[in-house]
Amino acid sequence: YANDSLTVAPYLIFLNQLAQSGELLTCNVNDLCVKLGYSRVQLNLVFKKHFGISPHEYLVEYKFNHAKKLLVNTNMTVSEIAYCIGYSNPMQFYATFKKLFGVTPNQYRKIKHTSPRLLNKIIKIKSEIEEFKTMKKKRVFAVLLSGALSFGALTACSALSTPNLP
């Protein structure tokens with residue numbers, strides 16, 4: 001992995017070919033490892049370096065961006081779209097979509113056609129809430145730590161275990 005320039009170019013080209021052929025829509029991380037000839041660890045390192053996210057996050061983002069396009073530009077049912085992006089269980093697709101965007105696929109379709117600005121606000125608010133939750137966890141720990149330090153309670157603080165932060 002010393003000379004990235006030799007391994008990255010073919011990897012990016014092949015990833016683009018998978019996207020162009022539509023095959024990336026039904027891939028999972030294990031499929032990518034096999035197709036690209038990487039172990040899971042290597043694939044994670046390459047994706048984190050080039051995209052800033054894990055292969056799983058990349059695939060979810062890629063698939064659900066495609067699903068959003070299909071919801072707006074076709075009359076396909078939610079189940080058909082779920083199968084199209086590699087979900088064998090439409091209810092799992094439905095739940096993941098709602099978790100990601102704060103609305104169901106049917107609500108997304110309806111709002112996107114009638115009020116795109118409202119939908120963008122809903123998605124932005126959902127994203128801000130998730131960001132706030134992450135920041136809140138980090139801040140609570142930082143406040144506790146700074147409070148303990150300011151009162152000279154470093155020894156008491158060292159007895160506490162550090163929480164797992166994302």
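Note that the structure is predicted; figures quoted are calculated from it, not measured.
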Mind listing the side-chain donor-acceptor pairs of residues 21-32 below 3.5 Å, one per line with the distance, residues two or more places apart or on another chain?
{"from": "Ser21", "atom 1": "OG", "to": "Gln17", "atom 2": "O", "distance (Å)": "3.3"}
{"from": "Ser21", "atom 1": "OG", "to": "Leu18", "atom 2": "O", "distance (Å)": "3.1"}
{"from": "Ser21", "atom 1": "OG", "to": "Glu23", "atom 2": "N", "distance (Å)": "3.2"}
{"from": "Glu23", "atom 1": "OE2", "to": "Lys35", "atom 2": "NZ", "distance (Å)": "2.5"}
{"from": "Thr26", "atom 1": "OG1", "to": "Glu23", "atom 2": "O", "distance (Å)": "3.3"}
{"from": "Asn28", "atom 1": "OD1", "to": "Asn30", "atom 2": "N", "distance (Å)": "3.0"}
{"from": "Asn28", "atom 1": "OD1", "to": "Asp31", "atom 2": "N", "distance (Å)": "2.8"}
{"from": "Asn30", "atom 1": "OD1", "to": "Arg40", "atom 2": "NH1", "distance (Å)": "2.6"}
{"from": "Asp31", "atom 1": "OD2", "to": "Asn28", "atom 2": "N", "distance (Å)": "3.1"}

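Checking side-chain atoms of Asn65 against main-chain N and O of Glu61 turns up a donor-acceptor pair under 3.5 Å.
Using cut-offs of 30° and 60° for the angle between ring planes, the His66 and Tyr62 rings count as parallel. Between Phe97 and Tyr108, the angle of the ring planes goes over 60°, which puts this pair in the perpendicular group of the 30/60° scheme.
Under a hydrophobic clustering in which Ile, Leu, Val, Met, Phe, Trp and Tyr are joined whenever their side-chain heavy atoms come within less than 4.5 Å, directly or via other members, Met91 and Phe93 fall into different clusters.
Residues Val46 and Leu36 form no side-chain contact, since every pair of their non-hydrogen atoms from C-beta on lies 4.5 Å or further apart. Counting heavy atoms from C-beta on, the side chains of Ile81 and Pro105 never come closer than 4.5 Å.
Residue pairs that meet the salt bridge (charged side-chain N to carboxylate O under 4.0 Å, His left out) test with at least one member in residues 99-108, sequence neighbours left out, do not exist here. Listed by first then second residue, pairs satisfying side-chain hydrogen bond (donor to acceptor under 3.5 Å, both in side chains) with a partner in residues 84-93 number zero, not counting sequence neighbours. For residues 72-96, the set of pairs meeting the salt bridge (charged side-chain N to carboxylate O under 4.0 Å, His left out) definition, not counting sequence neighbours, is empty.
Taking CG from Asn44 and NZ from Lys49, the interatomic distance works out to 14.5 Å, rounded to the nearest 0.5 Å. One distance of note links NZ of Lys48 with CG of Leu43; it measures 11.5 Å at 0.5 Å rounding.
When the side-chain contact (heavy atoms from CB on, under 4.5 Å) test is applied to Ser39, the partners found at least two apart in sequence or on another chain are Val41, Gln42. A search for side chain to side chain donor-acceptor pair (under 3.5 Å) contacts involving Ser54 returns Glu57, not counting sequence neighbours. For the side-chain contact (heavy atoms from CB on, under 4.5 Å) test, residues two or more places apart in sequence or in another chain that qualify with Tyr83 are Ser79, Pro90. Every residue two or more places apart in sequence or in another chain was checked for a side-chain contact (heavy atoms from CB on, under 4.5 Å) with Asn75, and none qualifies. For the ring pair (Phe, Tyr, Trp, His ring centres under 6.0 Å) test, no residue two or more places apart in sequence or in another chain qualifies with Tyr94. Remark: Tyr58 pairs with Phe47, Phe51 by the ring pair (Phe, Tyr, Trp, His ring centres under 6.0 Å) rule, at least two apart or across chains.
Ile85 and Lys63 make their closest contact through O-CD, 3.3 Å (heavy atoms, listed as atom of the first residue, atom of the second, distance). Here the shortest heavy-atom pairing between Thr104 and Gln107 reads N-OE1, 2.8 Å.
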